[in-house]
Amino acid sequence: MVNEMTSDAHTLRYLDAGHVNHPFGTLAGLMLCSDTDEKLGTISGVLVEPASRCVRHFVVERRVALMTRHYLLAADTPTVLEADVRKLRVLAGSSALERFDARQVEPFSEEDAITAMFARPAA
């Protein structure tokens with residue numbers, strides 16, 4: 001996944017989870033758990049491709065030995081939103097997470113919003 005993300009880094013943009021809405025609120029602070037209830041971290045953002053209007057990766061924040069680290073999870077990983085308990089359950093474990101360096105990706109900008117609004121409709 002990291003190799004794929006690195007090659008697409010010029011087209012992907014980081015969008016903070018507080019700006020990503022779902023029917024019951026935003027993704028900010030949503031707990032990410034495996035299907036076996038392993039806590040994987042919290043959603044801190046997503047990587048989007050503005051031209052296609054697609055989320056490509058979830059950015060997961062984990063506390064590891066008193067440090068906060070960021071990881072990526074492919075957005076095409078099957079998930080179930082449990083809104084009542086603020087969990088996003090995935091059919092994957094911690095081995096599906098890849099280290100992420102936020103410096104590789106530009107933040108979502110006003111120009112990206114314009115690109116998303118006027119790009120051809122997503123298929």
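In what follows, every heavy atom counts, from backbone to side chain, and hydrogens, waters and symmetry copies are set aside. The model shown is predicted, which means the values in this text are computed figures rather than measured ones.
- Shown here for Arg53 and Ala116, the closest heavy-atom pair between the two residues is NE-O, 2.6 Å.
- Contact record, Phe24 with Leu81: CD1-CD2, 4.2 Å, taken as the closest heavy-atom pair.
- Note: Arg69 CZ to Arg63 CZ = 11.0 Å, rounded to the nearest 0.5 Å.
- When side chains are defined from C-beta on, Asp112 does not count as touching Glu106, because their heavy atoms never get closer than 4.5 Å.
- Under a cut-off of 6.0 angstrom, the local environment of CD in Glu111 is sparse, with at most 12 non-hydrogen atoms contributed by other residues, nucleotides or ligands.
- In His22, the NE2 atom is crowded: over 12 heavy atoms of neighbouring residues, nucleotides or ligands sit closer than 6.0 Å.
- Taking the side chain as every heavy atom from C-beta outward, Thr11 and Arg56 never approach each other to under 4.5 Å.
- For the atom pair His57 NE2 and Leu73 CG, the distance stands at 9.5 Å (nearest 0.5 Å).
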Test side chain to side chain contact (heavy atoms under 4.5 Å, CB included) on Leu72 and Val59 and set out the steps.
CA-CA 5 Å; Leu72 293 178; Val59 179; 3.9 Å; yes
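- Identified under the side chain to side chain donor-acceptor pair (under 3.5 Å) test for residues 72-90, with sequence neighbours left out: Asp37-Lys87, Asp37-Arg89, Glu82-Arg89.
- Taken to the nearest 0.5 Å, the SG atom of Cys33 stands 6.5 Å off from the CG atom of Leu40.
- Each of Thr26, Ile43, Leu15 was checked for a side-chain contact (heavy atoms from CB on, under 4.5 Å) with Val20, and the lone residue meeting it is Leu15.
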As a quick check of understanding, evaluate side chain to side chain contact (heavy atoms under 4.5 Å, CB included) for Leu47 and Phe100, giving each step before the final call.
CA-CA 11 Å; Leu47 297 185; Phe100 172 60; 4.1 Å; yes
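- Taken from OG1 in Thr42 to CE in Met31, the straight-line distance is 6.5 Å, to the nearest 0.5 Å.
- The shortest non-hydrogen separation linking Pro50 to Arg13 is CG-CG, 3.8 Å.
- Put simply, the side chain of Phe58 does not reach to within 4.5 Å of the side chain of Leu32, judged on heavy atoms.
- Between Gly41 and Arg62, the shortest heavy-atom contact is CA-CG, 4.1 Å.
- Smallest separation of non-hydrogen atoms from Ala92 and Ser34: O-CB, 3.0 Å.
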